[in-house]
Amino acid sequence: MTTSTTLRPDDLRSVRDALLDTAGTVSITGSGTAADWAGPLGPVDAVLDTTALTGVLTHNPGDMTVSVLAGTPLRTLAEELASHGQHVSFDAARVADGATVGGLVATADAGPAALVFGSLRDLVIGVTMVLADGTVSRSGGHVIKNVAGYDLAKLLHGSYGTLGVLVEVVLRLHPVPKRSATLVVDCSLDEAREHAASLLGGQYEPAALEWISDDGHGQLIVRIDGTADAVSGRLQRLREVLGSGARDASDTGPDAGPDSGADSGADPWARHAALVRGAPGLAVLRIGAKPSLLPGLITDLRADTVTAGLGTGVATVALDPEAVADAHALVHAAGGTSVLRTRPPGSDVPAWGPPPSALAVLKAVKNEFDPLGRFGPGRFAPWLVTPHDAEGSR
Amino acid sequence: MALDGGVRQAFERVLDPADVISNPVKCRAYECDGLTGYRVVPELVLLPRDAAQVAAAVRVCAEHRVPFVARGAGTGLSGGALPVADGVVISLARLKRVLEVDPVNRRAVVEPGVTNLEITAAAAPHGLYYAPDPSSQQVCTIGGNVAENSGGAHCLKYGFTTNHVLSFEVVLPDGSVVTLGTDTGEQAGPDLRGVFLGSEGTLGITTKIVVRLLRTPESVRTLLADFPSVAAAGDVVSDIVAAGIVPAAVEMMDTLAIEAAEEAVHAGYTVGVPAALVVELDGPVEECDVQFEQVKEICDRHGCTRLHIAGSPEERAAIWRGRKAAFAAVGRISPDYFVQDGVVPRTRLAEVLGRIADMGADAGIRVANVFHAGDGNLHPLVLYSAAAGETERAEKLSGQIAELCVELGGSLSGEHGIGTDKACSMPKMFSRDDLAVMARVRSAFDPQGICNPGKVLPTPRLCGERPGKYKPHPLEEAGVIERL
Ligand SMILES: Cc1cc2nc3c(=O)[nH]c(=O)nc-3n(C[C@H](O)[C@H](O)[C@H](O)COP(=O)(O)OP(=O)(O)OC[C@H]3O[C@@H](n4cnc5c(N)ncnc54)[C@H](O)[C@@H]3O)c2cc1C
């Protein structure tokens with residue numbers, strides 16, 4: 001099939017009907033900010049566009065939870081929550097590009113704030129999804145503490161559109177820090193690693209801690225979140241440990257300090273986000289490894305650009321497409337995980353490294369949720385070969 | 001149908017025969033968990049000594065289709081570790097080594113039989129600790145914590161077990177061994193780790209667990225405050241949250257719970273006050289000090305009748321001793337009790353407590369309340385006397401309280417799990433399709449249905465006709481959510 005139908009449901013019922021009324025393979029899309037992540041999508045009969053599924057369903061500020069339709073861009077949600085002094089403690093680079101809540105969950109994305117708050121798997125407290133056969137399924141709920149039943153939101157986290165359509169997502173919220181201040185230090189990865197060790201080994205509680213590198217120019221970025229006065233004192237302690245190379249880079253929030261003499265014009269976090277997005281002609285690989293192993297891995301990978309979470313162990317590197325296969329192998333040898341984000345057009349780059357030990361469970365879950373292999377053919381190739389990927393082989 | 005001798009011999013081939021217990025008197029020690037109302041004496045109890053033996057034992061179960069139930073310390077409060085008839089119990093009590101504490105990467109690798117507190121003890125020399133702190137932490141095992149996704153008083157700020165466990169080795173119900181999760185928050189594919197967490201022993205047996213460790217906070221400030229009413233204490237909680245403060249813990253106790261705790265441990269609570277709050281803040285000194293002043297002011301604003309600030313680690317420990325003793329202490333004011341574990345949205349705390357009081361009065365049964373106020377997780381203690389023939393009434397009230405929480409937009413359970421106890425209430429919270437999809441997950445992990453069968457999901461055998469009946473969720477009735 002060469003042409004595919006586009007379905008654009010705007011509520012739970014129409015999502016279900018769209019799946020019941022069509023047959024064949026379906027690609028679930030949000031705002032398209034990660035369309036070329038993971039394995040290349042095979043030909044599909046229909047595209048299920050979630051971008052009409054928008055809006056807040058319930059937000060009770062006192063409970064610090066919000067439920068939204070999954071096609072809502074997170075930045076739109078953030079604007080609505082801001083007036084209540086609340087936010088989703090999540091800062092993946094794609095948020096600024098209009099990524100939807102559902103898309104962010106499905107791709108298991110995360111940003112520097114993961115150091116303290118984890119990824120969306122730690123913040124989603126309930127979901128409603130529709131399976132390929134039209135079954136509507138809820139799990140979790142609207143309260144932050146809840147152990148009733150299996151937590152299906154976790155299965156959808158990182159599922160890349162292969163298990164179900166997220167329709168409603170309930171999120172835990174946090175107060176927006178009164179003040180967020182960032183220091184930067186120009187330094188090599190080795191120096192950054194030492195700074196990170198002292199910061200994480202002491203009482204500094206950084207909210208984010210990343211090293212970035214571009215054109216051989218490395219920089220450590222450290223953010224502190226807190227109340228106005230306390231942040232001033234904590235920044236001072238931070239400067240003492242980072243030494244004279246530390247500069248004030250940004251100071252934001254409702255109570256940003258008067259001493260917010262951010263001297264460098266460019267916001268280092270904007271630069272960080274740009275590097276996460278990658279560069280033309282290069283492949284972007286997202287890797288995770290024990291924090292102590294990460295700097296060594298990054299050195300061995302000889303990446304063009306790097307953002308490295310020295311506390312989280314999660315890095316994003318831009319590489320020559322030719323180098324990706326070896327990079328997967330290197331990361332895997334260090335016990336880490338890797339996934340391709342951004343495949344330069346036309347290149348045939350492996351999306352995944354060696355399969356996880358639990359591949360049989362992954363296959364069994366896929367088979368239970370989507371036995372016909374309707375959703376997202378190709379996303380987990382070569383790990384998952386669905387009936388549609390291998391016509392007639394089953 | 002009893003297990004045939006061949007099965008026992010098969011276990012004796014893969015374990016030391018002395019570790020295969022069939023003596024009914026010895027097996028009786030495993031007949032229940034912390035929910036002692038349910039008892040089943042297992043046919044056999046297996047005491048493997050390492051992960052390879054666990055896997056070998058499970059392979060025998062798979063081959064002979066023998067149902068098995070994993071067991072940690074048996075402190076579970078929902079009958080999760082209740083043995084199944086004609087099945088075996090696999091105890092993880094002997095897998096109790098701390099394999100590694102890695103201060104650089106701030107994590108520890110432990111076997112499932114290690115207790116929650118032993119992890120913190122092993123980490124403490126490095127200035128680190130394991131954050132989730134169930135009140136049972138001295139005895140409950142990390143394997144049980146992973147199975148239950150256990151919480152604790154400090155989970156409001158720091159999150160639950162699921163937020164602190166990076167990965168684990170699992171023996172699947174077919175006896176194969178896999179790792180779920182990774183060394184970081186980064187995943188390659190769906191978060192199978194996350195779905196296993198809180199699955200109450202129904203998807204496999206963990207044999208090695210990697211947990212995150214946090215740095216012991218620089219400063220901890222704790223206060224105990226008395227209030228003229230539960231509602232006033234509830235308003236304090238709301239105002240703390242509205243001020244943008246995320247306390248490490250906010251716990252509330254009512255008159256009965258305070259009375260019981262004082263009688264048991266003399267921790268310095270005021271007997272007779274309608275409500276007491278324990279509020280703890282932690283973090284960098286500067287932050288803690290600023291926010292602690294705010295909290296004190298909020299307490300005053302709501303008519304706090306006594307404010308006691310812990311002036312030393314000993315005083316802090318005493319406040320917590322009172323809170324943590326409350327559960328067991330109600331034994332002093334009542335011969336028997338049921339504990340419930342429902343959750344409501346925090347903003348509905350006052351309402352739910354009022355309704356519980358009314359329901360208790362109607363039933364002629366006292367209910368003591370001690371709970372995690374910050375996250376709306378109630379622990380109503382339904383006090384009764386079995387000797388006086390109150391069991392049935394108390395049990396009914398207890399179930400009604402859990403279901404009331406669902407009606408108010410909450411959950412049947414915040415941390416104790418569904419297990420055997422609340423499986424038949426699941427249809428109050430989830431539709432038939434929701435439960436059927438959960439069953440699909442279960443069958444992906446356990447196609448033979450031998451891993452802790454009969455727990456979590458309702459079965460017609462256990463629940464009679466009840467699974468068919470579903471009451472619309474209140475949000476659904478209000479048209480906020482729809483179920484098709
Ligand atoms: C006084 C008291 C206070 C408590 N306070 C709290 C509290 O504050 N917060 C809280 O969350 N809970 C609390 N609990 C409940 C209980 O302690 C927790 O649920 C705990 O996690 C159970 O651990 P356990 O080792 O005793 O597990 P068990 O009771 O032995 O088992 C619990 C479940 O886990 C499964 N299981 C055990 N080990 C494994 C394994 N290795 N692999 C797979 N499945 C396994 C069992 O099959 C069972 O379903 C309390 C209990 C008591 C008695």
Side-chain angles (χ1 to χ4, degrees), chain A residues 12-13 16 57-58 60 62-64 85 108 110 114 118-119 121-122 135-138 141-151 154-155 157-159 163 175 203 205 226-227 229-230 233-234 288-292 312-314 335-337 339 352 356-358 361-362 364-365 368-369 380, chain B residues 104-105 148-149 151 159 163 178-180 182-192 194-195 198-199 218 238 241 244 246 283-284 286-287 290 343 345-347 375-377 409-415 417-418 426 429-430 433-434 437-438 440-441 443-445 456 475 480-484:
Chain A
L12 180 59
R13 180 181 301 274
R16 184 197 58 175
L57 297 171
T58 49
N60 188 350
D63 292 326
M64 303 203 81
S119 57
R121 75 185 192 193
D122 298 294
T135 304
V136 174
S137 156
R138 273 172 213 286
H142 292 251
V143 282
I144 59 175
K145 192 171 189 186
N146 177 6
V147 297
Y150 298 147
D151 187 355
K154 299 290 197 289
L155 272 185
H157 189 257
S159 64
L163 293 179
Q203 298 290 0
E205 293 201 19
T227 51
D229 293 345
R234 294 172 62 200
K290 264 188 199 168
S292 61
T312 58
V314 175
T337 48
V339 54
W352 303 99
S357 65
V361 181
L362 181 59
V365 169
E368 288 284 345
F369 274 50
F380 283 106
Chain B
V104 175
N105 290 303
E148 299 289 347
N149 187 18
N163 309 110
V178 301
T179 298
L180 302 182
T182 69
D183 279 344
T184 63
E186 192 62 17
Q187 303 160 203
D191 183 18
L192 297 172
V195 84
S199 62
E218 182 177 36
S238 298
V241 170
V246 183
E286 300 93 332
E287 302 286 352
V290 172
V343 188
R346 179 175 40 223
T347 46
D375 44 33
N377 186 192
S411 169
L412 289 170
S413 176
E415 55 186 21
I418 299 300
M426 285 289 271
M429 184 161 166
F430 295 107
D433 280 352
D434 299 339
V437 171
M438 291 182 193
R440 291 196 208 184
V441 173
S443 103
F445 279 82
V456 184
L475 287 176
V480 177
I481 61 174
E482 60 179 328
R483 188 181 305 273
L484 302 175

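Proteins come first, then strands; the chains are lettered A, B, ... in the order of their sequence lines, and each starts at number 1.
Distance CZ/B/F430 to OH/A/Y150: 12.0 Å, rounded to 0.5 Å. To the nearest 0.5 Å, the span separating CG on A/D63 from OG on B/S238 amounts to 8.5 Å. The distance from the NE2 atom of A/H157 to the CD atom of B/Q187 is 5.0 Å, given to the nearest 0.5 Å. Expressed to the nearest 0.5 Å, how far CE of B/M429 lies from CZ of A/R138 amounts to 11.0 Å. From B/L180, atom CG reaches atom CG of A/L362 across 10.5 Å, with rounding to the nearest 0.5 Å. With values rounded to the nearest 0.5 angstrom, A/K290 atom NZ is found 5.5 Å from B/D183 atom CG.
In terms of heavy-atom pairs under 4.5 Å with chain B, the best-connected choice from A/L163, A/D229, A/V314 is A/V314. Contact tally against chain A (heavy-atom pairs below 4.5 Å) for B/L412, B/T184, B/I418, B/N163: the top residue is B/T184. When B/V441, B/N149, B/T182 are compared by the number of non-hydrogen pairs under 4.5 Å with chain A, B/V441 comes out ahead. Note: A/A148 leads A/G62, A/G288, A/A148 in heavy-atom pairs under 4.5 Å with chain B. The choice from B/M438, B/E148, B/E287 that makes the most heavy-atom pairs within less than 4.5 Å of chain A is B/E287. Interface remark: of the candidates B/S443, B/G198, B/G376, B/S443 forms the most heavy-atom pairs closer than 4.5 Å to chain A. Ranked by heavy-atom pairs shorter than 4.5 Å toward chain A, the options B/G151, B/S411, B/G417 are led by B/S411.
Interface residue B/S199: backbone and side-chain heavy atoms are both found under 4.5 Å from chain A. At a 4.5 Å heavy-atom cutoff, the contact between A/V339 and chain B is made by side-chain atoms alone. Heavy atoms of A/T312 lying under 4.5 Å from chain B belong exclusively to its backbone. For a residue to count as touching a neighbouring chain, one of its non-hydrogen atoms must lie under 4.5 Å from one of that chain's; by this rule A/A289 touches chain B with the backbone only. Both the backbone and the side chain of A/R234 come within contact range of chain B, each with at least one heavy atom under 4.5 Å from a heavy atom of that chain. When heavy atoms are compared at a cutoff of 4.5 Å, A/A358 approaches chain B by way of both its backbone and its side chain. Of the atoms belonging to B/V104, it is side-chain heavy atoms, and not backbone ones, that fall under 4.5 Å from chain A.
Inter-residue side-chain proximity for B/V241 and A/M64 is flagged as met; some heavy-atom pair is nearer than 4.5 Å. Proximity of A/T227 to B/V290: side-chain heavy atoms (C-beta onward) are separated by under 4.5 Å at one or more points. Between A/L155 and B/D191 there is no side-chain heavy-atom pair separated by less than 4.5 Å. The closest side-chain heavy-atom distance from B/T179 to A/P356 is not below 4.5 Å. A/S137 is not listed as a side-chain neighbour of B/D433, based on a closest heavy-atom distance of 4.5 Å or more. Between A/H142 and B/P345 the shortest side-chain heavy-atom distance does not fall below 4.5 Å. Side-chain atoms of B/V437 and A/F369, non-hydrogen and from C-beta on, do get closer than 4.5 Å to each other.
Closest heavy-atom contact between B/G410 and A/V143: CA-CG1, 4.0 Å. Considering all non-hydrogen atoms of both residues, A/K145 and B/N377 come closest at NZ-OD1, 3.0 Å. B/G244 and A/P175 make their closest contact through O-CG, 3.4 Å (heavy atoms, listed as atom of the first residue, atom of the second, distance). In this structure, A/A230 and B/E286 approach most closely via the heavy-atom pair CB-CB, 3.5 Å. Minimum interatomic distance between B/G283 and A/E205 (heavy atoms only, all atoms of both residues): CA-OE2, 3.6 Å. Closest approach of A/R121 and B/G185 over heavy atoms only: NH1-O, 3.7 Å.
Shown here are the side-chain hydrogen bond (donor to acceptor under 3.5 Å, both in side chains) partners of A/D151, two or more places apart in sequence or in another chain: A/K154. Under the side-chain hydrogen bond (donor to acceptor under 3.5 Å, both in side chains) criterion, A/T135 pairs with A/D133, B/R440, not counting sequence neighbours.
Side-chain N/O atoms of A/S292 and B/N105 include a donor and acceptor closer than 3.5 Å.
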